[in-house]
Amino acid sequence: MSTHDGAAPDARGPLADLRVVEMGQLLAGPFCGQLLGDFGAEVIKLEPPGAGDPMRQWGREKPHGKSLWWPVVARNKKSVTCDLRTAEGQDLARRVIERADIVVENFRPGTLERWGMDFDRLRETNPGLILVRVSGFGQTGPYAPRAGYGSIGEAMGGIRHVTGDPGGAPARAGISLGDSLAAVFATIGALVAVHHRHSTGRGQVVDSAIYEAVLAMMESLLPEWAVAGYQRERTGSVLPNVSPSNVYPTASGEMILIAANQDTVFGRLAAAMGRPGLGADPRFAGHADRGRNMAELDDIISAWSARIETADLLERLHAGGVPAGRIYTAKDMFDDPHFAAREAIVRLVHPDFGELPMHNAFPRLSETPGSVRRPGPGLGEHNREVYGGLLDLPEDGIAALAQRGVI
Ligand SMILES: CC(C)(COP(=O)(O)OP(=O)(O)OC[C@H]1O[C@@H](n2cnc3c(N)ncnc32)[C@H](O)[C@@H]1OP(=O)(O)O)[C@@H](O)C(=O)NCCC(=O)NCCSC(=O)C(=O)O
């Protein structure tokens, strides 16, 4: 793990020449800002004065009454307060945006327009501006004006119906998957638009809908229904026709993942199990055979794995070239030498929490890697830098704005 001083100056990342203005809240927009910031973009987050982004209050555990999610999602960002509900705040925001390359927002469609920041108006003074809009359902279509949360997008985008145990309630992933996916697509859109701007000088709108980001992950769901009349259902820990790929018990009382759902790899599993004949057994020899006889095969593997301690089992599987792994908790990640060797976890210094570990910037780029330079900022920490430095407002002007509650 590498340790960074929380006050370290910005590393020069590959996006260091981009200024991003982030408006919005929680995750679906801000995770896009996080990704761009990881690669060095200057991300200026505009927050309502007073409480700021509600993410500052969110979290499962709140030592010192403070969120442990905020320092992660707002890492590398600058915080500026600006009440967008006021004309003065809108004017300030437009002036910051005039000097920006990208705006990321995840308000309800229509809110930005209501605040006098529609794309046509913003690009009058900044024709290269890229406006990245994340929403539940997109900026057009009958559902556009609806308020949208990630959970609804996951439901309508298709993943909820196929997640969970057969006959049980549709389950959610243990994370806000739809929001984060929409942000990843927003980030792809932002970078594509930057690429296009290189040749044309023109910006554009990137419209990332949570339900579509989820839909994009749904593999062959739509043609399966349209062409074959097949409706995917919930199948618990397995995928139909993909076998073996499941959780299996060990003698240590754990469940581990073993996946050997290709003929070659299955042959290696059979050898690791000391039963090389299984690979040629007509019930299991081919992909389709194993799919048909999945339950029987899982029973055979479980009966074998349950007799062996986890460490021994994993050693045999890894030595045999069979994909297998424990189901990690956070503690396992901190203890793991591979995570350490690749610096998958970085440690920052945080004013309240002291040493603060979090995941590193991914993916790894050989020439221009991303970096985690500082945890999420205090509310309005960069007001003076942005309003004084970037907009050139005088000190007493900034003080007067604060006095009136605009910033
Ligand atoms: C999340 C929402 C349903 C919340 O809807 P609303 O409360 O109606 O808010 P709007 O989007 O219209 O934005 C107006 C509010 O923004 C807040 N806001 C934020 N920043 C500012 C600043 N700088 N100034 C003033 N007000 C601000 C403020 O509370 C406003 O509410 P007023 O004070 O009333 O004016 C919607 O934003 C939405 O559909 N967003 C698109 C999809 C999305 O991102 N969903 C959430 C992802 S997180 C998620 O899904 C999850 O956690 O689960």
Side-chain angles (χ1 to χ4, degrees), residues 21-34 43-60 67 69-70 72-74 77-97 103-118 131-141 143-157 159-160 172-187 206-214 379-380 382-383 386-387 401-402 404-407:
V21 175
E22 179 187 301
M23 300 186 284
Q25 47 203 333
L26 299 175
L27 187 61
F31 185 51
C32 171
Q34 180 191 325
V43 182
I44 300 173
K45 183 173 175 74
L46 304 186
E47 296 184 76
D53 188 331
M55 188 60 97
R56 290 179 179 276
Q57 325 302 331
W58 281 34
R60 298 184 187 205
S67 164
W69 197 352
W70 170 258
V72 179
V73 74
K77 297 179 187 174
K78 296 177 179 174
S79 167
V80 163
T81 49
C82 179
D83 188 350
L84 297 170
R85 289 165 292 208
T86 66
E88 271 186 300
Q90 293 158 13
D91 182 57
L92 280 174
R94 280 191 298 264
R95 287 164 68 189
V96 176
I97 291 168
V103 169
V104 178
E105 67 101 7
N106 69 319
F107 296 117
R108 202 163 148 175
T111 295
L112 210 58
E113 287 77 1
R114 183 157 51 83
W115 287 340
M117 285 184 276
D118 55 271
L131 176 59
V132 180
R133 314 194 68 172
V134 183
S135 61
F137 305 98
Q139 303 296 321
T140 60
Y143 304 156
R146 287 187 189 175
Y149 278 126
S151 50
I152 318 298
E154 289 165 19
M156 291 174 66
I159 197 170
R160 290 286 178 111
R172 66 170 300 152
I175 52 166
S176 301
L177 188 62
D179 296 314
S180 298
L181 277 176
V184 171
F185 275 86
T187 307
V206 175
D207 177 358
S208 178
I210 296 173
Y211 92 96
E212 287 171 0
V214 172
L379 184 62
H382 301 89
N383 277 3
V386 172
Y387 291 134
L401 286 167
R404 290 199 298 282
V406 177
I407 66 172

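Indexing begins at 1, ligand by ligand and atom by atom, following the structure's order. Here the structure is a predicted model, which is why all the values come from computation and not from measurement.
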Tabulate below the donor-acceptor pairs under 3.5 Å that side-chain atoms of residues 175-187 make, not counting sequence neighbours, or state none.
| unit_1 | atom_1 | unit_2 | atom_2 | d |
| --- | --- | --- | --- | --- |
| Asp179 | OD1 | Gly150 | N | 3.4 |
| Ser180 | OG | Ser176 | O | 3.3 |
| Thr187 | OG1 | Ala183 | O | 2.7 |

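For Trp70, there are no ring-ring contact (aromatic ring centres under 6.0 Å, His included) partners, not counting sequence neighbours. With sequence neighbours left out, the side chain to side chain donor-acceptor pair (under 3.5 Å) criterion links Arg160 to Glu154.
In this structure, Ser208 contributes its side chain and Val134 its backbone to no donor-acceptor pair below 3.5 Å.
Here the shortest heavy-atom pairing between Tyr387 and Cys82 reads OH-CB, 3.3 Å.
Pro30 pairs in a side-chain contact (heavy atoms from CB on, under 4.5 Å) with only one of the listed residues (Met55, Lys45, Gln25), which is Lys45.
Residues with a heavy atom under 4.0 Å from ligand 1: Gln25, Leu26, Ala28, Leu46, Glu47, Pro48, Trp58, Cys82, Asp83, Leu84, Arg85, Asn106, Phe107, Arg108, Thr111, Trp115, Val134, Ser135, Gly136, Ala147, Gly148, Tyr149, Gly150, Asp179.
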